[in-house]
Each structure stands twice: as C-alpha cells, then as structure tokens.
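Submitted below is the structure of interest, expressed as structure tokens.
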Amino acid sequence: MAALSDRMRALVQPRLADFEPYDPAFTPTRINLSANENTYPMPAAVRAELDRALAATPLNRYPDPMSGELRAVIAERHGVEPRQVCVGNGGDELLFNFLFAFGGAGRTLLNLPPAFSEYELFAQMTETAVVNVWRDPATFEIPEDEALAAAAEADLVIVTSPNNPTGNLIAPEFAERLCAACRGLVMVDEAYIEFARPGASVQPLLERCPNLVILHTLSKAFGEAGIRCGYVLATADVIDVFAAVRQIYSVNVLTQAAGLVAIRERAAFAPVVEKIRAERARMLAGLEGLTAGVIGAVVWPSEGNFLLVRLPGAAEVRRRLRDDYDILVRDFSAAPGLAGCLRITVGTPEENDAVLRALTDLVKGETR
C-alpha cells in the first residue's frame, strides 16, 4: 500500500496510520487458481433458475433487512431455527462483526496460524489483542494442549476447519474442548466444509456448546463468490448481537435471491463437489510426483478445494507461472510460517492439467 499523505496521517486514527489492507495480489490471467473459488460453471438448471429469480427481483425497494426468507431456507438446511441464523455480506462482514461486537480494547483473540490473515487484520481494526499459538511447522496440526491453555485466557477464539491455507481439519472433540476452555465465544470457520470428509462439521456441537459460532459461505462449494453471501449459526442470543451491529441492508436483494436459489438447489452442486474432491486427489498425486526428489519440496494433503506446496524459489515459480504460462496461484512464500509455499486452488481438469504441465517444466527444468 502507498504511504499515507501527511494530511491523511493527521486525520486518520493513529493506530491505522501504518495499516496494511488485505491484498489478494490479483492479476488478470487466463487461468486463475489463486482465490479458492469454485472454477466450475454453475449447473445449467441452477443457472437458469437463478437468472429467472434475478430477473423477477424488484430493484426499487430496500431488501429485507434480516434476509428472512433466506434465513428460513438456511435454517431448514441445517436443522436449526431461523433465529439461530444471521446472513451477511460475505463471510468477511460476519468475521468483522464478530470481532467488533465481542472483541475490542482490553479483550483478546486466540488465533491459530498459519490461518486466514483477515482474522488478525480485523482484530487490529477493532483494537482486539491477538495471541497466536502456532501450528506445527511440519504438519500444520494445532498443538492442542497449548491452544487450550491459551483459550482459557482468551475472550474469543477463531479456528478454521478446513484451515486456509493448510487444509487441516479440527476434530469436533477438540472444538468442544475449546468451547469448554474459553470464557467467551469460539468461532469455527467452515467456509470449505463441503469439500471435507463426511462428519467433519462441528454443527452437532451447537446443541451443547452455547458459546459456539459457525461461519459458512456460498462463495466456495456453491460457486457464488461474486454475490457476497455468508452466514453464521449460533444460539439465538448470539444472533441477536450480530443483528444489532450489522450494517443496515448489507445483503442486497439480488444477493438474497441468488442465495435462495443456491440453498434450495443445493443437491445439484453435489456432483461438482465430488469432481473437485477427485481432482484434489489427482492434483495431490501429480504434485507429489513432480516434486519427488526435489530438495525442500513438500506437498500437504488437504480437506479444502486447494493444496499447499513448498517449492524452492516459490516466488519466482509463481511469477513465471503468471508471466510465462498465464496462470495465477497464491504466493505465501513470505508469510510467517509458510516460507517457500504456494497455494493452488483445485480447478477443472483442464486447468489442473495446465498447472501440472507448467510446474513440470519449471520444477524439473530447475533440477536437471
């Protein structure tokens, strides 16, 4: 980010004067596998229904402020009451509101990095202190005893399952222990849960863990990243707080209409999710094959729609993928705990083949 002008430094809150915004490092390319989007086209029947719904949506009226119809459909999907659901303008708004409402000066967030960088970013915005308990550098598993001890001193916990960018799941049993340890709220971010093995969700804990909050999104498995729609599940009194602090009319009428179609037609996305899982396994095997014997190279298994790989000269590999092959992947090589790592979204078979061919050229070429 460009340095602030002297005029802005005099006007902005002092704690934000050197603030660095979230930067996905996007560049237009032929193949974009950098943002963990679902790169498959929406099922044709769903797209047709979506187009009808959007065309029939009046634009001259404000949206339902609490997304009532969408809340009801989401509640039916998860087997909870509508009063246990809050819909937001993407998961990002709900993450911010979580820290805005329950964090703040004098309160502490337990973070378990490497993880989604917005957790710390939003904590800084809301003056919430952060305590990091770092994952194992070889496996990225959470040191559970250390995390539980830190949770007992924290006001909030955020843990992702599957974790972005490492792909790890947390066991529901560990999530329940976190809830028991923490005096405040524990958010489990399940943005990628549809790609994980059956039974991985912590949702069954909602009935016995009143301080549990679960975050979901329509951006990943449902292929609606462009509409910006996420939601949280929690007890009704927690949802009341989310409702109180939310931006007015933050979920627009088109987003609500598109979200309704996606949830109602969710069965149509199951074959796409299965294809992504199959491609994830094929990509894992392909990456392991091409990095075999390369000193310092590691490929980690994942329960998300992405894979993390460590490569010698990762930043240069990413640059050449972009500049020479018109392929964009995410460079984490300079991020704490992720030295030398690239994250590759699992795309369509054609996209994945292009990545494997390009990496074979680059990695094998460097080691000949």
Exercise for the section: Answer yes or no: is there a donor N or O on one side and an acceptor on the other, between the side chain of Q84 and the main chain of I239, under 3.5 Å? Expected result: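 No: the side chain of Q84 does not pair with the backbone of I239.
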Handout entry: Salt-bridge criterion met for R15 and E127 (N-O under 4.0 Å)
Key =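 Judged by the 4.0 Å cut-off on N to carboxylate O distance, R15 and E127 do form a salt bridge.
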Practice task
Give a yes or no on whether the backbone of V299 and the side-chain of R310 come within a donor-acceptor separation of less than 3.5 Å.
Solution key: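 No, the answer is negative, given that no donor and acceptor are paired below the 3.5 Å cut-off.
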Practice task
Taking the side chain as every heavy atom from C-beta outward, state whether L156 and L110 have any atom pair closer than 4.5 Å.
Solution key: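 Of all side-chain heavy-atom pairs linking L110 with L156, none is under 4.5 Å.
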Exercise for the section: Using ring-ring contact (aromatic ring centres under 6.0 Å, His included) as the criterion, list what pairs up with Y325, not counting sequence neighbours. Expected result: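 Here no residue qualifies.
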Practice task
Return yes if some donor-acceptor pair links the side-chain N/O of D136 with the main-chain N/O of A138 below 3.5 Å, else return no.
Solution key: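 Pair found, side chain donor or acceptor close to backbone of A138.
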Problem - Side chain to side chain, R330 and P165, heavy atoms closer than 4.5 Å - result: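 Not in contact.
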Practice task
Sorted by first residue and then second, give each side chain to side chain donor-acceptor pair (under 3.5 Å) pair with at least one member in residues 287-305; sequence neighbours left out.
Solution key: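 Output for this query lists R197-E303.
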Problem - salt bridge (charged side-chain N to carboxylate O under 4.0 Å, His left out) between R83 and D237, intermediate numbers included - result: CA-CA 9 Å; R83 63 198 182 99; D237 55 349; over 6 Å; no
Practice task
Can you run down the ring-ring contact (aromatic ring centres under 6.0 Å, His included) pairs that involve residues 141-166, sequence neighbours left out, and say none if there aren't any?
Solution key: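 Passing the test, one end in residues 141-166: no pairs.
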Handout entry: ring-ring contact (aromatic ring centres under 6.0 Å, His included) against Y119, all qualifying residues, sequence neighbours excluded
Key =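 With sequence neighbours excluded, Y119 shows a ring-ring contact (aromatic ring centres under 6.0 Å, His included) to F116, given in chain and number order.
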Exercise for the section: Using modelled atom types only, decide if a donor and an acceptor are shared between the side chain of E153 and the backbone of A150 within a distance under 3.5 Å. Expected result: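 Looks like no, no N/O pair under 3.5 Å.
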Exercise for the section: Establish, from distance only, whether the side-chain atoms of Y192 and H216 form a donor-acceptor pair under 3.5 Å. Expected result: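 No - no donor-acceptor pair under 3.5 Å links their side chains.
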Practice task
May I ask whether V329 and V317 are part of the same hydrophobic cluster, defined by side-chain heavy atoms of I, L, V, M, F, W, Y residues being less than 4.5 angstrom apart, directly or through others?
Solution key: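 Same cluster.
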Could you list the donor-acceptor pairs under 3.5 angstrom formed by side chains in residues 63-76, with sequence neighbours left out?
from : atom 1 : to   : atom 2 : distance (Å)
D64  : OD1    : M66  : N      : 3.0
D64  : OD1    : S67  : N      : 3.3
D64  : OD2    : G68  : N      : 2.8
S67  : OG     : Q256 : NE2    : 3.4
E69  : OE2    : R264 : NH2    : 2.8
R71  : NE     : P82  : O      : 3.3
R71  : NE     : V85  : O      : 2.7
R71  : NH2    : P82  : O      : 3.0
R71  : NH2    : V85  : O      : 3.0
E76  : OE1    : R266 : NH2    : 3.2

Exercise for the section: Give every residue pair that meets the side chain to side chain donor-acceptor pair (under 3.5 Å) criterion with at least one member in residues 91-110, sequence neighbours excluded. Expected result: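 Applying side chain to side chain donor-acceptor pair (under 3.5 Å) to every pair that reaches into residues 91-110, excluding sequence neighbours, yields D92-R228, E93-S250.
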Exercise for the section: List for me each residue that meets side-chain contact (heavy atoms from CB on, under 4.5 Å) alongside T348, sequence neighbours excluded, and say none if there are none. Expected result: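 side-chain contact (heavy atoms from CB on, under 4.5 Å) list for T348, sorted by chain: T39, Y40, E350, E351.
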Identify all side-chain donor-acceptor contacts of residues 141-148 below 3.5 Å with residues at least two apart in sequence or on another chain.
from : atom 1 : to   : atom 2 : distance (Å)
E141 : OE2    : N168 : ND2    : 2.9

Practice task
With the side chain counted from C-beta on, respond yes when V213 and V188 share a heavy-atom pair under 4.5 Å apart, and no when they do not.
Solution key: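 Not in contact.
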Practice task
Assess whether atom CZ of F100 is packed by more than 12 heavy atoms of other residues, nucleotides or ligands within 6.0 Å.
Solution key: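 Counting other residues, nucleotides and ligands, CZ of F100 stays at 12 neighbours or fewer.
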Problem - Whether T345 side chain and L33 backbone form a donor-acceptor pair below 3.5 Å - result: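 Yes; at least one donor-acceptor contact below 3.5 Å.
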Practice task
Give the intermediate values and the outcome of salt bridge (charged side-chain N to carboxylate O under 4.0 Å, His left out) for residues D51 and R47.
Solution key: CA-CA 6 Å; D51 290 344; R47 182 66 208 218; 2.9 Å; yes
Exercise for the section: Check whether any side-chain heavy atom of D353 lies under 4.5 Å from a side-chain heavy atom of V355, and answer yes or no. Expected result: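 No, side chains not in contact.
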Handout entry: Flag for R183-N211: side-chain donor and acceptor within less than 3.5 Å
Key =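 On atom types as modelled, these side chains do not qualify, holding no pair under 3.5 Å.
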Practice task
Classify the side-chain pair E190/S201 by whether it contains a donor and acceptor separated by less than 3.5 Å.
Solution key: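 Their side chains do contain a donor-acceptor pair, which is all the 3.5 Å distance test asks for.
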Handout entry: Minimum side-chain heavy-atom gap L218-Y231 below 4.5 Å
Key =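 They are in contact (side-chain heavy atoms under 4.5 Å apart), so the answer is yes.
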Exercise for the section: Look only at the side chain of T255 and the backbone of V251, and say whether a donor-acceptor pair between them is shorter than 3.5 Å. Expected result: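 Such a contact is absent between T255 side chain and V251 backbone.
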Problem - Main-chain N/O of V253 paired with T57 side-chain donor or acceptor, under 3.5 Å - result: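 Not a single qualifying donor-acceptor pair exists.
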Practice task
Could you check T217 against C229 for side-chain contact (heavy atoms from CB on, under 4.5 Å), going step by step and ending with a plain yes or no?
Solution key: CA-CA 6 Å; T217 181; C229 187; over 6 Å; no
Exercise for the section: Sequence neighbours left out, what passes side-chain contact (heavy atoms from CB on, under 4.5 Å) with R322? Give chain and number order. Expected result: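 Result, side-chain contact (heavy atoms from CB on, under 4.5 Å) vs R322: T27, T29, R318, R319, L328.
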Handout entry: Residues, nucleotides or ligands: over 12 heavy atoms within 6.0 Å of R7 CZ
Key =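 Result for CZ/R7: open.
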Practice task
Starting from I295, walk the hydrophobic network (Ile, Leu, Val, Met, Phe, Trp, Tyr; side-chain heavy atoms closer than 4.5 Å) and list everyone else you reach, by chain and number.
Solution key: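 Noted: I295 shares its cluster with no other residue.
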Handout entry: Listed partners of F174 passing ring-ring contact (aromatic ring centres under 6.0 Å, His included), at least two apart
Key =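 With sequence neighbours excluded, F174 shows a ring-ring contact (aromatic ring centres under 6.0 Å, His included) to no residue whatsoever.
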Practice task
Just do the side-chain contact (heavy atoms from CB on, under 4.5 Å) check on E120 and V130 with the steps written out, would you?
Solution key: CA-CA 7 Å; E120 285 200 72; V130 177; 3.9 Å; yes
Exercise for the section: Return each pair, listed once, that meets ring-ring contact (aromatic ring centres under 6.0 Å, His included) where at least one residue sits in residues 239-263; pairs must be two or more places apart or across chains. Expected result: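 Every ring-ring contact (aromatic ring centres under 6.0 Å, His included) pair that includes a residue of residues 239-263, provided the two are not neighbours, is Y62-Y249.
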Exercise for the section: State, with a plain yes or no, whether a side-chain heavy atom of E118 is found less than 4.5 Å away from one of F96. Expected result: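 E118 vs F96: side chains apart.
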